[in-house]
Amino acid sequence: MTMPEETQTGRKRATQPPDHAGRKDDALMVNSVEKAFRVLSAFGRQHPTLNLSQVASETGMDVSAAQRFTHTLTRLGYLRKDAQTKRFELTAKTLDLGYHFVRSSRLLDRAMPYLMHLSKETEETVNLTVREETEIIFVSRFLSRHVLNTDVIIGTRMPAYATAPGIAMLSRLPESEAMAIIDASDRRAHTPSTTWEREALREKLRQSAAQGYATAFEEVYLGDASIAAVVVDHHGRPEAAVNIATSTSRYSHEEVVSRFSSLVIAAAHAISRV
(Lines give C-alpha, C1' and ligand atoms only; values in the text may rest on other atoms or scores of the structure.)
Protein backbone atom coordinates (compact mmCIF):
# COMPACT_ATOMS: atom_id res chain seq x y z
CA MET A 1 0.00 0.00 0.00
CA THR A 2 1.45 3.38 -1.03
CA MET A 3 0.52 6.34 1.11
CA PRO A 4 0.82 9.83 -0.39
CA GLU A 5 2.59 12.89 0.91
CA GLU A 6 2.34 16.34 -0.57
CA THR A 7 5.44 17.92 -2.07
CA GLN A 8 6.15 21.63 -1.85
CA THR A 9 4.27 22.11 -5.12
CA GLY A 10 1.19 20.53 -3.53
CA ARG A 11 1.36 17.35 -5.63
CA LYS A 12 0.98 13.97 -3.99
CA ARG A 13 4.00 11.75 -4.08
CA ALA A 14 4.50 8.24 -2.81
CA THR A 15 6.36 7.84 0.45
CA GLN A 16 7.40 4.37 -0.70
CA PRO A 17 9.67 3.63 -3.66
CA PRO A 18 7.70 2.82 -6.84
CA ASP A 19 9.04 -0.73 -7.06
CA HIS A 20 7.52 -1.68 -3.69
CA ALA A 21 5.30 -4.34 -5.23
CA GLY A 22 8.26 -6.19 -6.74
CA ARG A 23 10.48 -6.33 -3.69
CA LYS A 24 9.26 -9.73 -2.51
CA ASP A 25 11.46 -11.28 -5.20
CA ASP A 26 14.55 -9.32 -4.13
CA ALA A 27 16.53 -11.68 -1.91
CA LEU A 28 19.03 -8.97 -0.97
CA MET A 29 16.40 -6.46 0.12
CA VAL A 30 16.43 -5.73 3.87
CA ASN A 31 12.79 -4.90 4.46
CA SER A 32 13.32 -3.45 7.92
CA VAL A 33 15.68 -0.81 6.48
CA GLU A 34 13.08 0.12 3.86
CA LYS A 35 10.42 0.42 6.55
CA ALA A 36 12.63 2.65 8.69
CA PHE A 37 13.11 5.04 5.78
CA ARG A 38 9.39 4.85 5.08
CA VAL A 39 8.75 6.14 8.59
CA LEU A 40 11.24 8.99 8.21
CA SER A 41 9.75 9.91 4.83
CA ALA A 42 6.27 10.20 6.33
CA PHE A 43 7.27 13.49 7.96
CA GLY A 44 7.42 16.66 5.92
CA ARG A 45 5.97 20.09 5.37
CA GLN A 46 2.41 18.78 5.45
CA HIS A 47 3.11 16.50 8.44
CA PRO A 48 5.74 18.08 10.71
CA THR A 49 4.52 15.99 13.63
CA LEU A 50 2.65 12.67 13.73
CA ASN A 51 1.20 10.50 16.44
CA LEU A 52 1.63 6.73 16.37
CA SER A 53 -1.63 5.96 14.56
CA GLN A 54 -0.84 8.60 11.94
CA VAL A 55 2.62 7.11 11.37
CA ALA A 56 0.95 3.72 10.86
CA SER A 57 -1.56 5.22 8.42
CA GLU A 58 1.02 7.18 6.43
CA THR A 59 3.37 4.21 6.07
CA GLY A 60 0.86 1.41 5.58
CA MET A 61 2.09 -0.42 8.68
CA ASP A 62 0.06 -1.76 11.57
CA VAL A 63 0.33 0.15 14.84
CA SER A 64 2.55 -2.49 16.46
CA ALA A 65 5.14 -2.24 13.67
CA ALA A 66 4.95 1.54 13.66
CA GLN A 67 5.59 1.55 17.41
CA ARG A 68 8.72 -0.59 17.04
CA PHE A 69 10.15 1.55 14.26
CA THR A 70 9.39 4.90 15.90
CA HIS A 71 10.89 3.65 19.16
CA THR A 72 14.05 2.48 17.40
CA LEU A 73 14.41 5.73 15.43
CA THR A 74 13.87 7.72 18.62
CA ARG A 75 16.57 5.74 20.43
CA LEU A 76 18.92 6.34 17.49
CA GLY A 77 18.24 10.06 17.63
CA TYR A 78 16.41 10.53 14.31
CA LEU A 79 12.99 11.11 15.89
CA ARG A 80 11.92 13.04 18.97
CA LYS A 81 8.79 12.18 20.96
CA ASP A 82 6.96 14.84 22.90
CA ALA A 83 6.30 13.45 26.37
CA GLN A 84 2.97 15.28 26.71
CA THR A 85 1.41 15.06 23.26
CA LYS A 86 3.01 11.69 22.33
CA ARG A 87 3.68 13.10 18.85
CA PHE A 88 6.86 12.43 16.92
CA GLU A 89 8.98 14.82 14.87
CA LEU A 90 12.25 14.65 12.96
CA THR A 91 15.44 15.78 14.65
CA ALA A 92 18.39 17.67 13.22
CA LYS A 93 20.26 14.38 13.05
CA THR A 94 18.27 13.52 9.91
CA LEU A 95 20.33 16.21 8.16
CA ASP A 96 23.39 14.00 8.47
CA LEU A 97 22.69 12.09 5.25
CA GLY A 98 22.25 15.31 3.31
CA TYR A 99 25.44 16.71 4.81
CA HIS A 100 27.40 13.60 3.84
CA PHE A 101 26.01 13.84 0.30
CA VAL A 102 27.08 17.46 -0.03
CA ARG A 103 30.56 16.76 1.34
CA SER A 104 31.16 13.63 -0.75
CA SER A 105 29.43 14.41 -4.05
CA ARG A 106 31.87 14.63 -6.93
CA LEU A 107 29.19 16.39 -8.96
CA LEU A 108 28.87 19.19 -6.42
CA ASP A 109 32.62 19.40 -6.08
CA ARG A 110 32.98 19.91 -9.84
CA ALA A 111 30.05 22.28 -10.10
CA MET A 112 30.66 24.64 -7.20
CA PRO A 113 33.23 27.00 -8.80
CA TYR A 114 31.09 27.42 -11.92
CA LEU A 115 27.88 27.95 -9.96
CA MET A 116 29.56 30.61 -7.82
CA HIS A 117 30.95 32.34 -10.91
CA LEU A 118 27.55 32.26 -12.60
CA SER A 119 25.90 33.68 -9.49
CA LYS A 120 28.37 36.57 -9.30
CA GLU A 121 28.22 37.28 -13.02
CA THR A 122 24.44 37.34 -13.34
CA GLU A 123 23.39 38.38 -9.80
CA GLU A 124 20.45 36.04 -10.28
CA THR A 125 19.48 32.85 -8.47
CA VAL A 126 21.52 29.87 -9.69
CA ASN A 127 20.58 26.25 -9.02
CA LEU A 128 21.96 22.79 -9.61
CA THR A 129 19.36 20.02 -9.79
CA VAL A 130 19.37 16.28 -10.39
CA ARG A 131 16.53 14.05 -11.54
CA GLU A 132 15.03 11.21 -9.55
CA GLU A 133 12.38 9.36 -11.54
CA THR A 134 9.70 11.95 -12.46
CA GLU A 135 11.00 14.76 -10.25
CA ILE A 136 13.95 17.09 -9.97
CA ILE A 137 15.72 17.71 -6.68
CA PHE A 138 17.56 20.92 -5.83
CA VAL A 139 21.05 19.99 -4.59
CA SER A 140 22.70 23.43 -4.67
CA ARG A 141 21.21 26.91 -4.67
CA PHE A 142 22.70 30.41 -4.75
CA LEU A 143 20.06 33.03 -4.04
CA SER A 144 19.99 36.52 -5.50
CA ARG A 145 18.72 39.58 -3.70
CA HIS A 146 15.79 39.58 -6.15
CA VAL A 147 14.55 36.12 -5.17
CA LEU A 148 10.78 35.84 -4.96
CA ASN A 149 10.22 32.32 -3.73
CA THR A 150 12.01 31.37 -0.55
CA ASP A 151 10.04 28.10 -0.25
CA VAL A 152 12.49 26.45 -2.63
CA ILE A 153 15.45 25.15 -0.66
CA ILE A 154 18.04 22.40 -1.08
CA GLY A 155 16.11 19.14 -1.12
CA THR A 156 12.96 20.62 -2.67
CA ARG A 157 11.36 18.41 -5.30
CA MET A 158 9.43 19.59 -8.34
CA PRO A 159 7.86 17.76 -11.28
CA ALA A 160 10.41 17.43 -14.07
CA TYR A 161 7.92 18.09 -16.86
CA ALA A 162 7.03 21.54 -15.47
CA THR A 163 10.55 22.88 -14.89
CA ALA A 164 13.35 24.10 -17.12
CA PRO A 165 15.96 21.81 -15.48
CA GLY A 166 13.65 18.83 -15.83
CA ILE A 167 12.96 19.46 -19.51
CA ALA A 168 16.67 20.09 -20.13
CA MET A 169 17.59 16.72 -18.61
CA LEU A 170 14.76 14.81 -20.30
CA SER A 171 15.61 16.34 -23.67
CA ARG A 172 19.03 14.67 -23.57
CA LEU A 173 17.48 11.19 -23.21
CA PRO A 174 16.22 9.07 -26.12
CA GLU A 175 12.73 10.37 -26.86
CA SER A 176 11.03 7.08 -26.00
CA GLU A 177 12.71 7.05 -22.58
CA ALA A 178 11.85 10.69 -21.91
CA MET A 179 8.22 10.18 -22.91
CA ALA A 180 7.97 7.13 -20.63
CA ILE A 181 9.03 9.36 -17.73
CA ILE A 182 6.48 11.98 -18.76
CA ASP A 183 3.79 9.30 -19.00
CA ALA A 184 4.64 8.17 -15.46
CA SER A 185 4.32 11.75 -14.15
CA ASP A 186 1.31 13.14 -12.35
CA ARG A 187 0.74 15.76 -15.02
CA ARG A 188 -1.51 18.72 -14.34
CA ALA A 189 -1.63 22.48 -14.76
CA HIS A 190 -0.01 24.08 -11.71
CA THR A 191 -0.69 27.50 -13.25
CA PRO A 192 -2.43 28.68 -16.44
CA SER A 193 1.02 28.66 -18.11
CA THR A 194 1.99 25.06 -17.33
CA THR A 195 2.82 22.88 -20.32
CA TRP A 196 1.38 19.55 -19.26
CA GLU A 197 -0.29 17.87 -22.24
CA ARG A 198 1.67 14.96 -23.68
CA GLU A 199 2.23 16.10 -27.25
CA ALA A 200 3.03 19.67 -26.19
CA LEU A 201 5.69 18.27 -23.89
CA ARG A 202 7.09 16.11 -26.68
CA GLU A 203 7.47 19.22 -28.83
CA LYS A 204 9.10 21.08 -25.93
CA LEU A 205 11.63 18.27 -25.53
CA ARG A 206 12.50 18.37 -29.21
CA GLN A 207 12.88 22.14 -29.18
CA SER A 208 15.09 22.02 -26.08
CA ALA A 209 17.28 19.31 -27.59
CA ALA A 210 17.74 21.39 -30.74
CA GLN A 211 18.60 24.67 -29.02
CA GLY A 212 20.66 23.28 -26.13
CA TYR A 213 18.62 24.83 -23.32
CA ALA A 214 15.13 24.72 -21.84
CA THR A 215 12.91 27.47 -20.47
CA ALA A 216 9.94 27.60 -18.12
CA PHE A 217 7.88 30.70 -17.48
CA GLU A 218 5.42 30.65 -14.57
CA GLU A 219 4.85 26.91 -14.93
CA VAL A 220 4.96 26.05 -11.22
CA TYR A 221 4.99 29.46 -9.52
CA LEU A 222 3.52 32.68 -10.87
CA GLY A 223 6.20 35.27 -11.62
CA ASP A 224 9.03 32.74 -12.01
CA ALA A 225 11.23 32.56 -15.09
CA SER A 226 13.88 29.88 -15.54
CA ILE A 227 16.40 28.81 -18.15
CA ALA A 228 18.47 25.63 -17.85
CA ALA A 229 21.08 23.52 -19.62
CA VAL A 230 21.97 19.90 -19.04
CA VAL A 231 25.12 18.54 -17.41
CA VAL A 232 26.08 15.19 -18.93
CA ASP A 233 28.20 12.31 -17.70
CA HIS A 234 30.99 10.59 -19.62
CA HIS A 235 28.39 8.48 -21.45
CA GLY A 236 26.60 11.61 -22.64
CA ARG A 237 23.58 10.97 -20.44
CA PRO A 238 22.03 13.70 -18.28
CA GLU A 239 23.59 13.89 -14.83
CA ALA A 240 22.21 17.23 -13.65
CA ALA A 241 21.09 20.64 -14.86
CA VAL A 242 22.22 24.19 -14.20
CA ASN A 243 19.53 26.82 -14.21
CA ILE A 244 19.21 30.54 -13.72
CA ALA A 245 15.97 31.65 -12.10
CA THR A 246 14.65 35.18 -12.24
CA SER A 247 11.37 37.09 -12.36
CA THR A 248 8.99 37.75 -15.23
CA SER A 249 8.50 41.23 -13.80
CA ARG A 250 12.16 42.01 -14.48
CA TYR A 251 12.79 40.22 -17.78
CA SER A 252 10.67 39.29 -20.78
CA HIS A 253 10.87 35.79 -22.24
CA GLU A 254 13.13 37.07 -25.00
CA GLU A 255 15.43 38.86 -22.54
CA VAL A 256 15.85 35.74 -20.41
CA VAL A 257 17.01 33.82 -23.47
CA SER A 258 19.25 36.56 -24.89
CA ARG A 259 20.90 37.39 -21.56
CA PHE A 260 21.33 33.98 -20.01
CA SER A 261 21.19 31.14 -22.55
CA SER A 262 24.87 31.27 -23.53
CA LEU A 263 25.94 31.60 -19.88
CA VAL A 264 23.94 28.64 -18.61
CA ILE A 265 25.05 26.47 -21.55
CA ALA A 266 28.70 27.33 -20.92
CA ALA A 267 28.43 26.54 -17.20
CA ALA A 268 26.70 23.22 -17.82
CA HIS A 269 29.31 22.26 -20.45
CA ALA A 270 32.16 23.12 -18.05
CA ILE A 271 30.68 20.89 -15.33
CA SER A 272 29.96 18.00 -17.73
CA ARG A 273 32.30 15.01 -17.89
CA VAL A 274 32.90 14.98 -21.63
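- Here the closest non-hydrogen pair linking L263 and E121 is CD2-OE2, 3.5 Å.
- A donor-acceptor pair is defined here as one N or O able to donate and one able to accept, closer than 3.5 Å; no such pair exists between the side chain of E218 and the backbone of D224.
- Counting non-hydrogen atoms of neighbouring residues, nucleotides and ligands closer than 6.0 angstrom, the CZ atom of F69 exceeds 12 such neighbours.
- We find the CZ-CG distance between F88 and L52 to be 5.5 Å, quoted to the nearest 0.5 Å.
- Partners of H269 under the ring-ring contact (aromatic ring centres under 6.0 Å, His included) rule, at least two apart in sequence or in another chain, do not exist in this structure.
- To the nearest 0.5 Å, atoms OG (S57) and NE2 (H47) are separated by 8.5 Å.
- Between E58 and R38, no side-chain nitrogen of the basic residue sits less than 4.0 Å from a carboxylate oxygen of the acidic one, so the salt-bridge criterion is not met.
- Remark: E177 CD to I182 CD1 distance equals 11.5 Å, nearest 0.5 Å.
- Scanning for ring-ring contact (aromatic ring centres under 6.0 Å, His included) contacts around F138 gives an empty result, with sequence neighbours left out.
- Applying the salt bridge (charged side-chain N to carboxylate O under 4.0 Å, His left out) rule to R131 yields no partners; only residues at least two apart in sequence or on another chain are considered.
- At distances below 3.5 Å, at least one donor-acceptor pair connects side-chain atoms of E219 with backbone N or O atoms of T195.
- No side-chain heavy atom of Y161 sits under 4.5 Å from any side-chain heavy atom of E135.
- Nearest approach of T163 to I136, heavy atoms of both residues: OG1-CD1, 3.5 Å.
- Checked against E124 for a side chain to side chain contact (heavy atoms under 4.5 Å, CB included), the options I244, L118, V256 give a single hit: I244.
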Query raised in the report: Does the salt bridge (charged side-chain N to carboxylate O under 4.0 Å, His left out) test come out yes or no for E255 and R250, once each step is laid out?
Result: CA-CA 9 Å; E255 287 172 329; R250 298 178 55 239; over 6 Å; no
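- Taking OG of S208 as the reference point, atom CZ of R172 lies at 12.5 Å (rounded to 0.5 Å).
- Between R198 and E203, no side-chain nitrogen of the basic residue sits less than 4.0 Å from a carboxylate oxygen of the acidic one, so the salt-bridge criterion is not met.
- Between R187 and E197, none of the side-chain N atoms (NZ, or NE/NH1/NH2) sits under 4.0 Å from a carboxylate O, so this pair counts as no salt bridge.
- Formation of a donor-acceptor pair under 3.5 Å by the T94 side chain with backbone atoms of L90 is not found in this model.
- Taking CD of Q67 as the reference point, atom OG1 of T74 lies at 10.5 Å (rounded to 0.5 Å).
- Judged as a ring-ring contact (aromatic ring centres under 6.0 Å, His included), and not counting sequence neighbours, the contacts of F260 are Y251.
- In this structure the side chain of D186 never reaches within 4.5 angstrom of the side chain of P159, judged on heavy atoms.
- Within the structure, every pair that satisfies the side chain to side chain donor-acceptor pair (under 3.5 Å) test and touches residues 80-89, not counting sequence neighbours, is listed here: T49-R87, Q54-R87, R80-E89, D82-T85.
- At a threshold of 4.5 Å between non-hydrogen side-chain atoms, the residues Y78 and L40 count as touching.
- Using a 4.5 Å cut-off on side-chain heavy atoms (C-beta onward), V39 and L79 make contact.
- Across all non-hydrogen atoms, the minimal contact from Y114 to A270 is CE2-CB, 3.5 Å.
- Between the side chain of T156 and the main chain of I153, a donor-acceptor pair closer than 3.5 Å is present.
- For the residue pair R68/S64, the side-chain donor-acceptor check at 3.5 Å is satisfied.
- The pair K204-E199 does not count as a salt bridge, with every side-chain nitrogen at least 4.0 angstrom from each carboxylate oxygen.
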Query - Stepwise side chain to side chain contact (heavy atoms under 4.5 Å, CB included) test for T125 and T246 - result: CA-CA 7 Å; T125 297; T246 185; over 6 Å; no
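- Side-chain contact check for R188 versus T194: every heavy-atom pair is 4.5 Å or farther apart.
- Closest of all the heavy-atom pairs between L205 and A178 is CD1-CB, 3.8 Å.
- Between V152 and R141 there is a side-chain heavy-atom pair separated by less than 4.5 Å.
- Of all the heavy atoms in V264 and N243, the pair that sits closest is CG2-CA, 4.1 Å.
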Distance-only donor-acceptor hits, side chain of residues 209-216, under 3.5 Å, sequence neighbours excluded:
unit_1, atom_1, unit_2, atom_2, d
Q211, NE2, Y213, O, 3.0

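- Closest of all the heavy-atom pairs between A268 and V230 is CB-O, 3.4 Å.
- Distance check, rounded to the nearest 0.5 Å: CG of D109 to OG of S104 gives 10.0 Å.
- Taking the side chain as every heavy atom from C-beta outward, F101 and L97 never approach each other to under 4.5 Å.
- A 4.5 Å side-chain heavy-atom check between E239 and M169 finds every atom pair outside the cut-off.
- A side-chain donor-acceptor contact under 3.5 Å links T91 to the backbone of G77.
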Query raised in the report: What do the steps show when you test L222 against T248 for side chain to side chain contact (heavy atoms under 4.5 Å, CB included), and what is the final call?
Result: CA-CA 9 Å; L222 294 175; T248 56; over 6 Å; no
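- The hydrophobic cluster containing V139 also contains V126, counting ILVMFWY residues as joined when their side-chain heavy atoms lie under 4.5 angstrom apart, directly or transitively.
- Between N127 and T129, the side chains place no donor N or O within less than 3.5 Å of an acceptor N or O (distance only, hydrogens not considered).
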